[in-house]
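What follows is a single structure, written as structure tokens, with notes after it.
Not measured: the values here are computed from a predicted model.
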Protein chains: 2
Amino acid sequence: MISHAEENYLKAIFKISEKEAKAASTNAIAAEMQTTAASVTDMLKRLAEKNLIDYEKYRGVQLTTEGSQVATALIRKHRLWEVFLVDKLGFSWDEVHDLAEQLEHVQGNNLIDRLDTFLGHPKFDPHGDPIPDAEGRWSFRQQVLLSTLKPGERAAVTGVDDHSPAFLQYLDQLGLTLGAGLELLERFPYDQSLRVRTPDGRELVLSEKVGQNLFVKIS
Amino acid sequence: MISHAEENYLKAIFKISEKEAKAASTNAIAAEMQTTAASVTDMLKRLAEKNLIDYEKYRGVQLTTEGSQVATALIRKHRLWEVFLVDKLGFSWDEVHDLAEQLEHVQGNNLIDRLDTFLGHPKFDPHGDPIPDAEGRWSFRQQVLLSTLKPGERAAVTGVDDHSPAFLQYLDQLGLTLGAGLELLERFPYDQSLRVRTPDGRELVLSEKVGQNLFVKIS
DNA sequence: TATAAAATTTAGGTTTGTCTAAAAATTAAT
DNA sequence: ATTAATTTTTAGACAAACCTAAATTTTATA
């Protein structure tokens, strides 16, 4: 039996390992979980005991195959619930994280596969993040950060790196929701801000920060 | 802040009070919660401290107005999720209790009202139990136990008193799902078993126990 | 390479929710 | 109205998950 708290730690470790490629440090986990390093050490011992992580004192941790499977299943649940909340209940993409965080812990035999069927087997969640299938396989997509585009290139918004409500709401305001098209007109060398044009002819200036947090697919 | 465990106790007390009309006893709560009397006493102190119940040592408990509101909201959530699981995800009525038991604890501003809207504001759950509205008002229905029918009377199934999967599955097998019509042909005095006819002409003999656990509306 | 700084772990505590066994109060029965 | 049976509460423990403060280990720096 894996507790909710344990599940959350596994997910946090998975998330860190995704970005960093090396063993996840106690401090990084504490930051991700918004708790103290001491609490993390406590939990790491328990997770190691259950063979969900490989843990060596002072050396950070890595998920075992089993731990990785648990984390992947959780992410699948989280993202499917997000699709449900947005597509079926009409929530906006900046409102669903906390709800999905709770829903992902609901345990039940067929629940998630039935939900998946009900939603039409979506491959990406409302933020453009891939949803692993029942066997833990991920969908990939040719996407790059907006900041890497060259002037003249056209692209469509496919996802975000920063998932904060503030960023998502700002994108809503700009009309840069998933699928929105755009063309990079120029990059100002002074601060790396970007001038882009939308299909309806509007021109926007986006900060470097926006460019580094928005994924697009070049068309 | 009310914990999941506290919520479950409030719901249990509500359920007992519904049937018994008098103060709920420690033992009755322990039975309903499948735990020990000592654990119940512990919890009752906490609930009383939070003004969710009126508690006097050795005298049983009653919900306060606030406690009753919490319990009602929980029941609303539980039953709406059951409708979702049956109507949208295709679960059968004997499979949804445990899932709804978890889903009812998910906290979120508009979640339940949005779910309610999505489901079309159902008034009854898949077992025929009423779903209180957002203000805590209950729907009532003219229903009686099948065992109270007189020979010759026709009725339709509206709900169950026994919610066990075994009973629900048996009813499925008999074709006595919600809305099913029937006519009482005779009651055998020997064991109070009932001979009934269904609209498609089938005749069934139902035990006294079935008659005392099936609600019907006389037509 | 010592020493300072940073990261990590240990030690010792707290809260929530549970338990068993024993004590106390209430209710039933002779 | 005592005694017996039942119900309820208290006492004392335990596990999970967290905390702060202190000790230890690792890493960075002079």
Next item on the list: Using a strict 4.0 Å threshold on nitrogen-to-oxygen distance, state whether B:R76 and B:D113 make a salt bridge.
Entry: yes
Check: Between A:K50 and A:E6, is there a salt bridge with N-O shorter than 4.0 Å?
Finding: yes
Next item on the list: Name the nucleic acid region contacted by B:A5, choosing base, sugar-phosphate or nothing; use a 4.0 angstrom heavy-atom cut-off, strictly under.
Entry: sugar-phosphate
Check: How would you label the contact of A:N27 with the nucleic acid (heavy atoms, under 4.0 Å): base, sugar-phosphate, or nothing?
Finding: sugar-phosphate
Quickly work out the [X] [atom1] to [N] [atom2] distance and round it to whole Å.
| X | N | atom1 | atom2 | result |
| --- | --- | --- | --- | --- |
| A:M43 | D:dA17 | CE | P | 5 Å |
| A:K22 | D:dT26 | NZ | P | 17 Å |
| B:L44 | D:dT8 | CG | P | 10 Å |
| A:D42 | D:dA15 | CG | C1' | 12 Å |
| A:H4 | D:dC18 | NE2 | P | 13 Å |
| B:I29 | D:dT9 | CD1 | P | 9 Å |
| A:Y58 | D:dT26 | OH | P | 7 Å |
| A:E56 | D:dT25 | CD | P | 15 Å |

Checklist line | Pair A:F84 and B:F84, ring centroids less than 6.0 Å apart | finding: yes
Check: Between B:F118 and B:K88, is there a cation-pi geometry (under 6.0 Å to ring centre, at most 45° from the normal)?
Finding: yes
Can you tell me if [X] touches the phosphate of [N], counting only side-chain N or O atoms and a distance under 4.0 Å to OP1 or OP2?
| X | N | answer |
| --- | --- | --- |
| A:T36 | D:dC18 | no |
| A:S39 | D:dC18 | no |
| A:R59 | D:dT27 | yes |

Margin query: Please compare B:Q34 and B:K50 by the position of their nearest nucleotide in DNA chain C and report the one closer to 5'.
Written below: B:K50
Note to self: Can you give me the first and the last nucleotide of DNA chain C (5' to 3') that has an atom within less than 4.0 angstrom of a non-hydrogen atom in chain A?
What the structure shows: C:dA7 to C:dT10
Next item on the list: Would you check if there is a donor-acceptor pair between the side chains of B:H105 and B:N8 at a distance under 3.5 Å?
Entry: yes
Margin query: When you compare the side chains of B:S25 and B:N27, does any donor N or O come within less than 3.5 Å of an acceptor on the partner?
Written below: no
Margin query: Taking salt bridge (charged side-chain N to carboxylate O under 4.0 Å, His left out) as the criterion, tell me which of B:K11, B:K15, B:K19 meets it with B:E32.
Written below: B:K15
Next item on the list: Could you please name the option among D:dA17, D:dT10, D:dT8 that lies closest to any side-chain atom of B:A38?
Entry: D:dT10
